[in-house]
There are 2 protein chains.
Amino acid sequence: MTANRIATLDDVARAAGVSRATASRVVTGQGPASPKARDRVAAAVAELGYVPDAAARALVTRGGTRLAVAVIGRTAAVLDDPYVGRALAAAATTAAEHEVGVSLHWLPLHEPASLARLAGSRGLGGLVVINPTRPALETVPRSLRGRVAAIGVGSRDVPSFDVDNRNGTDGVVRHLVRTGRSRIAMVTGPSWLPCGDRAVDAYRRVVRDSGGEVRVVPGDFTAARGAEAAVEIMARWPDTDAVFALSDLTALGVLDGLRGLGVDVPGDVAVAGFDDIPFAGLSRPALTTTTHPVEDIAAGAVRAVLGSRDISPVTFFSSTLVVRESA
Amino acid sequence: MTANRIATLDDVARAAGVSRATASRVVTGQGPASPKARDRVAAAVAELGYVPDAAARALVTRGGTRLAVAVIGRTAAVLDDPYVGRALAAAATTAAEHEVGVSLHWLPLHEPASLARLAGSRGLGGLVVINPTRPALETVPRSLRGRVAAIGVGSRDVPSFDVDNRNGTDGVVRHLVRTGRSRIAMVTGPSWLPCGDRAVDAYRRVVRDSGGEVRVVPGDFTAARGAEAAVEIMARWPDTDAVFALSDLTALGVLDGLRGLGVDVPGDVAVAGFDDIPFAGLSRPALTTTTHPVEDIAAGAVRAVLGSRDISPVTFFSSTLVVRESA
DNA sequence: GTGAAAGCGCTAACAA
DNA sequence: TTGTTAGCGCTTTCAC
C-alpha cells in the first residue's frame, strides 16, 4: 500500500502498462481501446482507487466543475420554498457522487437574459432548472446542450423530470369525490408555470365527469395566498364542500382561512394539498395530500446532466395519495 | 468590445503591460507588486471583466473546486431537517459568488473516520460542518486547516459560526417568566450535541433566579420526540405551566402531545420553540419562538472557508424573540 | 519588484 | 488500436 499519495492517471497507466492516453480513453469510455487494454486499466483503477481529478478534467474539456440549480420565480423568495430545499439537498447529494458541487441561483421570471448569463458563466458543468418557462428554456445557449435538465416542463433540447401532475391531481380529486364531496374548488399554482396546466386539466375532467361545477381560483404556492383564496372561494361559492390546492403551503393557508371563517375541516369542507411537505403531517387537522419522490426527481435530473447518455425527453414520477385528517 | 472570448490572465497581463506572473500576484493578492503594477492590473481586470478560472486555479494550488457541507447525526435523516435545508441553500448561494459548488454529506455520529475520509477526498476546496462534535473536529486533517468552518461548536483550528444559544434561550425563558409562568420545563437537543449545553445552562440560570425548579427532558430535534416529551413532562410534573423546546419541530410535537392530553395552550401551558422554521407561524396556536439568521450564519461560514483571512474563532449570531400565540 | 519557465492532471489531435 | 505531443489557465519557484 503506497496509498500515501492520491493516484493520478499516470500511475494508472504505468500500473496497467499502457500510455496515459490509452488509460484516459478507457477511463472516460471515449475513443477506441482493445479489450485487453480495457481490462488492465480497469484493474489498475480498482487497485489504486483512482478517481479522476475533476479540476484537471474541467480545465481541458472546458466542461466546468459546478452544477447550477436555477429556480425561476417572481421574487427571490422562491428559493425559500421547501420543495426547492428538498430538491437542492438531493441534487447536492447526488452531485457529490460525481465530485461535483452545486450552486443555487434565482432567475427573475421576467428576465430571461439571466438564464443565458448564468449558462454562459465559466466553470459551469451543467444546469438544472426548476419550474422553467418555455421561453426561458429557449434562451439556453447550445454550448450547454446536453448538459441541461428541467424539473418541470422541458423542451426539445431539455429533458424534463417531473411529477405526473395529471395523475396526482386525478388521484386527489377522485378521492374527494369518492368520499362524498361534489362541490370541489381548486387553487392553482402561478399562472406562468406551464406544468400547472396539466393539473388544472385533470381537475376539470374529474369534476365534470362527476357532474360538478368547475371552481378555479389562482394561487401562487404561498400560504398567505391560500388563506385569501379560501375566503374568496367561500364568498363566491358558499356551498363548496372541498378545496384542493396545488401546493401544501397553500393548502395550509386554506386551512387557516377556513378556520377564520368558522368553517369546520373536514366536517364542512375537506382540504387537500399537493407535495407532502414535512409540515403536512403536523398541521391540525393533518393535511391530506399526495406525496412525490422529489429526491428521485432531482437525482434523475442531476444524473441526466452529469451522465447524459440517451435520456428520454420526459420522465414522469408518480404521485401517491396520503390520506390524513383534512380530507 | 472583443468580449466574445472570456478573458484569461494572459489577456489581463497583456492589457496591463506586465507579465502573467505579476498579474497573478496582483489578482491573488499574494506576493510583491509595485503600486503602479497593481493599478494597471486592477484597471485591466475591471475593463476585461476578468474572472479567474476556478478549475485552473484549483489544479495548480490543489485547492479544490468544491465546498462540502457535512451534517453530523445519528441517521441520514438529519439531512431532511429544515435547518439544514436553509443552511444549504444559503451556502449554495454564497458559494456561487465564488464560482464554487457545494456538495452535501451525512456524517454518521459514531463514525469519526467518515469526516477524515471526506476531508481527504480530492477536489475539496473547503468544508463546512454542521453540528459537529469536538472529537469529530479533531479528525480533520491539517491539510485542510484554514479551510474548515463549523456551524455549531468549533475548535482551536476550526472557527465557529453559531446561534447565541445562551442568549436566545435566556430571552425565551425570561419571556415565559415575565408572562407569569413559573414552572417551566425544557426539552433539550440530542445529548451528543455540544452546543446545546449553553442553552441548558441558560435555562437553568433563569429558572433558578426566578425561584423555579429545573425540569429537563432530553429531546432529539424531532416532532415525534416532542409529543412523547410532553406526555413525560406532564406525568412527572403535573403542575408544569410552560414548556420550552430547543427546536421548533419538537415544540410542534409538544403542542401535539399536549393537545392529546387535553391541555390547553397557552391557557394551561405555554409552549415556546427555537429557530422559527417556516411552519412555526402556521401551526395553531401559532408557535412563539426565537428567530435566527441562518442564512447569515451559513454565509459567514462559507466566506470563512473560501476567503479565510483573519477569522475570529467564534462568531455568535443573536436571536430575536418572536411572540405568537403559544406563549 | 519583475519576468521566464516549469508544471498541476488531464484530454484531444495527430501520427504511427 | 496505440503512443507522442501539445496544451487547457493558472500559480510558483527562481534568477534577475
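A note on names: the letters A, B, ... follow the listed sequences, proteins ahead of strands, and every chain is numbered from 1. Computed from a predicted model, the values in this text were never measured in an experiment.
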Specify the separation, in whole Å, of atom CZ of A/R62 and atom P of C/dC10.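 Distance, rounded to whole Å: 18 Å.
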
Spacing between A/D11 atom CG and C/dC8 atom P, to the nearest angstrom: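 For the pair A/D11 CG and C/dC8 P, the rounded distance is 12 Å.
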
Is any NZ, NE, NH1 or NH2 atom of the basic residue among [X] and [Y] found under 4.0 Å from an Asp or Glu carboxylate oxygen of the other?
{"X": "A/K36", "Y": "A/D39", "result": "no"}
{"X": "B/R303", "Y": "B/E97", "result": "yes"}
{"X": "A/E295", "Y": "A/R86", "result": "yes"}
{"X": "B/R156", "Y": "B/E138", "result": "no"}

side-chain contact (heavy atoms from CB on, under 4.5 Å) between B/F161 and B/I311, intermediate numbers included: CA-CA 10 Å; B/F161 295 78; B/I311 304 299; 3.8 Å; yes

Using heavy atoms and a sub-4.0 Å distance, could you list which residues of residues 30-38 of chain A are near DNA chain C? By number, please.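 Going residue by residue through residues 30-38 of chain A, none turns out to have a heavy atom under 4.0 Å of DNA chain C.
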
Taking side-chain contact (heavy atoms from CB on, under 4.5 Å) as the criterion, tell me which of A/D162, A/I297, A/D164 meets it with A/F317.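 Output: one option passes, namely A/I297.
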
DNA chain C: A/D53 or A/R25, which has the more 5' nearest nucleotide?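 First, find each residue's nearest nucleotide; the 5'-ward one identifies A/D53.
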
Flag if over 12 foreign heavy atoms under 6.0 Å of CD, B/E47: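 Not more than 12 within 6.0 Å, no.
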
With DNA chain D as reference, determine whether A/G17 or B/L59 sits nearer its 5' end, using the nearest nucleotide of each.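 So the residue in question is A/G17.
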
Leading and trailing nucleotides of DNA chain D with any atom under 4.0 Å from heavy atoms of chain B: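 So the outermost contacting nucleotides come out as D/dG9 to D/dT13.
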
Sugar-phosphate only, base, or nothing, as touched by B/S24 at under 4.0 Å among non-hydrogen atoms: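 Base, at least one base heavy atom under 4.0 Å.
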
At under 4.0 Å, does any side-chain N or O of B/T22 touch on OP1 or OP2 of C/dG3?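 Looking at the OP1 and OP2 atoms of C/dG3, one of them is under 4.0 Å from a side-chain N or O of B/T22.
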
Can you tell me if B/T28 uses its side chain to pair, donor with acceptor, with the backbone of B/S24 under 3.5 Å?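 Present.
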
For the side chain of B/R20, starting at C-beta, report the closest nucleotide among C/dC8, C/dG3, C/dA5.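 Side chain of B/R20 sits closest to C/dA5.
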
